[in-house]
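First up is the structure itself, then whatever we jot down about it.
Chain A is the first sequence line, chain B the second, and so forth, proteins listed ahead of strands; every chain is numbered from 1. Note that the coordinates shown come from a computational prediction; the quantities given were computed from them, not determined experimentally.
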Amino acid sequence: MNSLYNPKGVEERWQQTWEAEGHYRADPEAPGEPFSIALPPPNVTGNLHMGHALNASTQDVLNRWHRMRGFNVLWQPGYDHASISVHAVIERQLLAEGTNRFELGREAFVERTWKWLEEYGGIIMGQLRKLGASLDYSRERFTMDDAYIRAVYRFFVHLHGRGWVYKDNRIVNWCPGCRTSVSDLEVAYRDVDDALTRVRYPLADGSGSISIATVRPPTILGDVAVAVHPEDERYRELVGKEAVVPYVERQVPIVADARVDPAFGTGALKITPGHDATDFEIGRDHALPELTVIGLDGRMNEHAGDLAGATQEEAETRILDWLREHDQLEARESYRHSVGHCERSKDRIEPLITEQWYVDMRELAAPAAAAIRAGGVKFTPANQGGVALEWLEKIRPWNISRQLWWGQRIPAWYCPHGHTTVAESEPSTCAECGRAELRQDEDVFDTWFSSALWPFATLGWPEQTRELEVYYPTDVVSTARDIIFLWVARMMMAGQELTGAMPFHDVIIHSLVLASDGRRMSKSLGTGIEPDDVIDQYGADATRYGLLKMSSTQDVRFSQGFIEEGRKLANKLWNVARLILANAEGVKPDTRPQAFEEQWMIARLDEAHAEVTDSIASFEFARLAGALYRTTFDDFCDWYAEAIKPRLYDRDPDALATSLALLERLLAYLHPVMPHVTEEIWTALPDRRNRLIRAPWPKPDGRFSETQPPFEEIRNAAEIFRRSGAIVELDEEQRRIFEAVVKPDRVRADGDPTAEIERLRGEIARAEDMLGNERFVARAPEDVVEAEREKLARYRRELEALAG
RNA sequence: GGGCGUGUAGCUCAGCGGGAGAGCGCCCGCUUCACACGCGGGAGGUCACUGGUUCGAUCCCAGUCACGCCCACCA
């Protein structure tokens, strides 16, 4: 007889059945209170990683739990077009073919991208199916769907109408590899070993010189000033004079600005507004010119004189040579500092001045911040709300344009007079001058500009659909910490502005799943473990259980042990069901019999009900998994099933009927976490009409019994018995339990009852001391003290009876 | 420079004012008719360190040391 539970075939079969029978389908006209979650849209190009699997598991628990309680559930799936990531993939291919996107041209590039996606994109939904995620796959949406693009355009036009959208020529994070601007939030700072170069700038009047320190000599060509701290005594007299920039020999003013750190380097800062963010600010405040010497490709540009076209390395060498020749190179020392890199291409970010579209976020951020503060949107864990709040309160303009081709092209058109027309669909004439020769903006939107609309654009917004009416606002959004600003906060802002409501009331921030060595899981580091492989090895139920069990509010290291625990749990459940079902043919489940074992197990399940319900409601998924494990293993299998085993063999009808009823109940609790194995067992139960997946959750408060059976004393006695090996006086029923559960071989043959009893006396005495302490008694609530007293008195009585 | 967080059994982690816990691993014993992915028993911890608050501290407070992560324009 095969006694091992094999999830493989079972899970695939149920996944197909559930979907085919439409259990995941959301119908706005169906009965039941709505409950909806929008799955954070994964990148079309992506693969399911551990973080996705964990996040999907937590959301699936919530969805299945609500479905089982009769809610009308929608779990909305879909993909994000991930413009910059997709660019990276396609452009890598082009590079390998010896070409690039500019040679290929925009139209061909976009066409190629669609084609590539058709073939290789969108594999995650299949992986989520394999995990058992109960998404309504028939409603898959994509941020590049026509309808979705219309929503994005509506958003932009709306913001434009509010007067919050503008174009500006500012310094931005430019990625020379991706050839686009990049958001502050997508720049990762890493320590880099550079050289700090001290350079002497002669004064124009020949009266001396001032020295500066720089890590980027090529930017010297773009210097438009030298700045010192206004209170720096060393340089006070130089402010207002002019210095001569080396190599280009340009005369520039020496200005005073408090942003200069007098303690750094020489205390004098060269100002290059074209290539440094701080310098840009200082430059604007002092009305300095903005000179750019490095181009969009990262090479020296036409303003670099004879260095035009040179790489920065070449330029640096030439400039250093020049400085040496002119005796203006004072020092060059190694220097480690943090430098921004593009998160996608890993290229070093080049701060550059370019014209971009911006959104003024101030009025958008205020309601979102207010919602967090007032608790209308609640974060779990709570401190993450504080993090979001801080960001919202220091909100800065959002650069929403990207110089890419894959994405929603910005709906702004320019006429030859330089007027701009913003519209949801292509206008025939300029809104200002009526000219017909219009040219559409070349840029596309930042990916997050479109994903900000996800919870409602997927439901048909801006059309007033029935879906929107029923399922919006959604209930929960669950995601990782790294996109709180990029995504969560922006959904809140867009949701409030466009729909008048926060798009969800709960934000769950799940833990980051790290590799077992504590580093991030990553393919390049070889530290990644694919959920797919884990499911193949252990089953989807075990994987879901394991991920939930290891999750917490902290980052966690992936450890196989938890998954194995899940597999054991599934196997255990499978086997205990076989034990009961083997003898239960034709038996009707019933909870009326009240033998001691039944009473005990009923009480345990009632406690489990409370803990399961409570932990799901408060999003404590690790606690949920723990409660399920203990209830199944310790209570149901080790205690209860062992105790009633002889009666099952005797086909005692009470034991059979009750154990069936209790097993049903246990399956219901386990189903949200381990749907496949529970449904498999459920269908084997006699007289099943409903599916476990739909509304079989115990109602209304789920208690079997109103009163707790009086077995506390037996448990205490059993504990003393177990510890001491002494014999306890028991009535007949109690002895039966003891014989079944506390087996003879559990009693230590060489145990010393006298010493054990002494130890227990000591413990009780310590507790009595506490109760005798006036200050404790004065502070503790009366009923607590009273309860403790009674408990202790009982323990002592039992113990002394035992000893005597 | 700010902010958040973590240091508990060999490993991964719970617990967070009154008896130090789980799973895995380890040791001993079990071919007991659901399960050896099992059953029973057991070893293993000055709960990072120092001080404070308290009748009582792994838990609260302060500091120290180590390690994460996030935000910020240090050339």
Taking only the C1' atom of each, what is the distance from B/G38 to B/U6 in whole angstrom?
37 Å
Using the rule salt bridge (Lys or Arg N to Asp or Glu O under 4.0 Å), only one of A/R630, A/K572, A/R604 pairs with A/D635; which is it?
A/R604
Using the P atoms only, state how far B/C71 lies from B/U12, rounded to an integer number of Å.
27 Å
A/R216 and A/P351 have their tightest heavy-atom pair at NH1-CD, 4.0 Å
Show me the protein contacts with nucleotides 9-13 of chain B, counting only N or O atoms at under 3.5 Å.
from, atom 1, to, atom 2, distance (Å)
B/U12, OP1, A/R557, NH1, 3.4
B/U12, O2', A/S559, OG, 3.2
B/C13, OP1, A/R557, N, 2.8

When you compare the side chain of A/D614 with that of A/R623, does any pair of heavy atoms fall below 4.5 Å?
yes
Please give the distance between the P atoms of B/U64 and B/G1 as a whole number of Å.
14 Å
Would you call A/D184 and A/R396 a salt bridge, taking side-chain N to carboxylate O under 4.0 Å as the test?
yes
Quick one: is the NZ or CZ of A/K270 closer than 6.0 Å to the six-membered ring centre of A/Y201, and within 45° of its axis?
no
Treating A/R651 as the side-chain partner and A/N583 as the backbone partner, does any N or O pair qualify as donor plus acceptor under 3.5 Å?
yes
When the distance from NZ of A/K568 to C1' of B/G38 is rounded to whole Å, what number comes out?
9 Å
Considering only side-chain heavy atoms of A/D638, which listed nucleotide, B/A34, B/C39, B/C35, is closest?
B/C39
Can you tell me the base-pairing partner of B/G40? Count Watson-Crick or G-U wobble geometry only, both distances below 3.5 Å, and say none if there is no partner.
B/C28
Could you state the atom-to-atom distance from CD1 of A/I644 to C1' of B/A34 in whole Å?
11 Å
Select from A/C637 and A/G561 the residue whose nearest nucleotide in RNA chain B is closer to the 5' end of that strand.
A/G561
With distance as the sole test, does A/N571 use its side chain to make a donor-acceptor pair with the main-chain N or O of A/R567 at under 3.5 Å?
no
Taken to the nearest whole Å, OH/A/Y5 to C1'/B/G38 is 18 Å
Nearest-Å distance, CD (A/Q384) to C1' (B/C4)?
8 Å
Separation of atom CD1 in A/I484 from atom C1' in B/C69, rounded to whole Å:
12 Å
Is the A/F485 ring parallel, tilted or perpendicular to the A/W391 ring (thresholds 30°, 60°)?
parallel
Could you point out which residue of A/H275, A/R284, A/R170 forms a side chain to side chain donor-acceptor pair (under 3.5 Å) with A/E290?
A/R284
Heavy atoms under 4.0 Å is the rule here; annotate nucleotides 70-75 of chain B 5' to 3' with B where the base is hit, S where only the sugar-phosphate is, and - elsewhere.
-SSBBB
Quick note, A/E565 side chain, CB onward, closest among B/C37, B/A34, B/G23 is B/G23
Work out how far the C1' atom of B/G52 is from that of B/C69, and round it to whole angstrom.
30 Å
Can you check the distance between B/C24 and B/G17, where both ends of the measurement are the C1' atom (answer in whole Å)?
31 Å
Just checking A/Y545: base, sugar-phosphate only, or nothing, at a heavy-atom cut-off of under 4.0 Å?
nothing
With rounding to the closest Å, how many angstrom separate the C1' atoms on B/A9 and B/C13?
11 Å
Atom NZ of A/K572 and atom P of B/C35 are separated, to the nearest Å, by 10 Å
Sort me out a list of protein N/O and nucleotides 59-62 of chain B N/O pairs below 3.5 Å, or just none if empty.
none

Give a yes or no on whether the backbone of A/M674 and the side-chain of A/R544 come within a donor-acceptor separation of less than 3.5 Å.
no
Name the pairing partner of B/G45, where a pair is Watson-Crick or G-U wobble with both distances under 3.5 Å, or state none.
none
When rounded to whole Å, the CH2 to C1' distance for the pair A/W639 and B/C35 reads 20 Å
Please check: side-chain N/O of A/E680 versus main-chain N/O of A/V10, any donor-acceptor pairing under 3.5 Å?
no
With the side chain counted from C-beta on, respond yes when A/V228 and A/L238 share a heavy-atom pair under 4.5 Å apart, and no when they do not.
no
Identify the nucleotide, in any strand shown, that forms a Watson-Crick or G-U wobble pair with B/C74, with both distances under 3.5 Å; if there is none, say none.
none
Let's test this: given Watson-Crick or G-U wobble pairing with both distances under 3.5 Å, identify the partner of B/C60.
B/G52
In short, A/V260 meets A/G267 closest at the heavy-atom pair CG1-O, 3.5 Å
What does B/C4 pair with, Watson-Crick or G-U, if both distances are under 3.5 Å?
B/G68
Smallest heavy-atom separation, A/Y640 atom then A/T658 atom, equals OH-C, 3.9 Å
How far, in whole Å, is B/C11 from B/G45 if one measures between their C1' atoms?
14 Å
Paired with B/A34: which nucleotide, if any, by Watson-Crick or G-U wobble criteria at under 3.5 Å for both distances?
none
Using whole Å, what does the distance between atom P of nucleotide B/C33 and atom CG of A/N575 come to?
13 Å
Nearest-angstrom distance, P atom, B/C49 to B/U58
10 Å
